[in-house]
Undergrad: 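Mind having a look at this structure? Questions to follow.
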Amino acid sequence: MDLAIFTTPSELGHYLQSHRSQSIGFVPTMGALHVGHQSLIDRARHENTLVIVSIFVNPLQFGPNEDLDQYPRQLEIDRAICETAGVDVLFIPTPESMGIRDTLTQVIPPPMMTSGLCGRTRTGHFQGVATIVTKLLNIVQPDRAYFGEKDAQQLAIIRKIVADLNLPVDIIGCSTLRADSGLAHSSRNQYLSPTGKAQSAVIYRSLKQAQVLVASGETHPPAILAAVVTELGTVPEFQLEYLELVDPETLQLIEVVDRSVLIAIAGRIENTRLIDNITIDK
Ligand code: PAF
């Protein structure tokens, strides 16, 4: 089947009227598709009969000093990737057709989930994500929606919104895809030089240190975090923004590692902001 492309919610809604009998898998993205997105699409393809990908660089989730204008846009390449991956529908709404304006009703996730981790420095970011994801889920009304575990805070917040607002969709978290060096695939990796990419591998290396320590019986977050900081220190170019050990569902800080924990890092290399995390199961 050819890839169908729609640019407004009403066009997509019209098309979906005659496709509602299918099981719909939805992969919301901001474009600049990479192998991480492809793994989400592959899973959606495997589990549904109709696959919809959206590309929308959501202005609501960028702060005033962030990279909205520079964010990579490569529509023709993304379209070819979707065609090859067997996507049925590509939804590329404009800000106007998504109703982006000052008076737009916003979805505000619980502050306890947005005050730490990325929310500490990215004020309003998760409100922007929550608002747009809720709108997209209402427009597409998929059976399943697929999100990467690399954005662990985003995933936890979306799960909470879907549960609290009774949205009839299964949220599927998909494992992070990594380069051989361990660097998590991300659209923002395009900003990095080859040297920056090599240096960024320290993030995953340091997360693995935490995993080794927990496996050896360490339960005290300060000891675990200290080992991570030591490893991060081997690459002085890496500027740490945060390092936190939290409950994967509630995102609250953990005092003793006696259950599964999420250990998450954000920082900059070559002024590119990178995030990564792993969940360590007990
Ligand atoms: O993860 C992303 O690409 C975005 O935050 C999302 C979920 C598409 C919302 O704009």
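Whatever order the structure lists ligands and atoms in, that order sets their numbers, starting from 1.
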Undergrad: Are Phe6 and Tyr15 close enough that their ring centers fall under 6.0 Å?
TA: yes
Undergrad: So which atom in Cys174 and which in Arg43 form the shortest heavy-atom distance, rounded to 0.1 Å?
TA: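 Heavy atoms of Cys174 and Arg43 come nearest at SG-NH1, 4.1 Å.
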Undergrad: Just by distance, with hydrogens left out, do Asn48 and Tyr146 show a side-chain donor and acceptor under 3.5 Å apart?
TA: yes
Undergrad: Is the distance from the ring center of Phe91 to that of Phe26 below 6.0 Å?
TA: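 Centroid separation for Phe91 and Phe26: 6.0 Å or greater.
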Undergrad: Extract all N/O-N/O pairs under 3.5 Å that connect ligand 1 to the protein, and present each with both atom names and the distance rounded to 0.1 Å.
TA:
unit_1, atom_1, unit_2, atom_2, d
ligand 1, 1 (O), Gln154, NE2, 2.9
ligand 1, 5 (O), Gln61, NE2, 3.0
ligand 1, 5 (O), Gln154, OE1, 2.7
ligand 1, 10 (O), Gln61, OE1, 2.6

Undergrad: Would you say the side-chain atoms of Ser23 and Asp143 include a donor-acceptor pair closer than 3.5 Å?
TA: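 No, Asp143 and Ser23 have no side-chain donor paired with an acceptor closer than 3.5 Å.
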Undergrad: Given a cutoff of under 4.5 Å between side-chain heavy atoms of I, L, V, M, F, W and Y, with clusters grown through shared members, what are the other residues clustered with Leu177?
TA: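 Besides Leu177, the cluster holds Val35.
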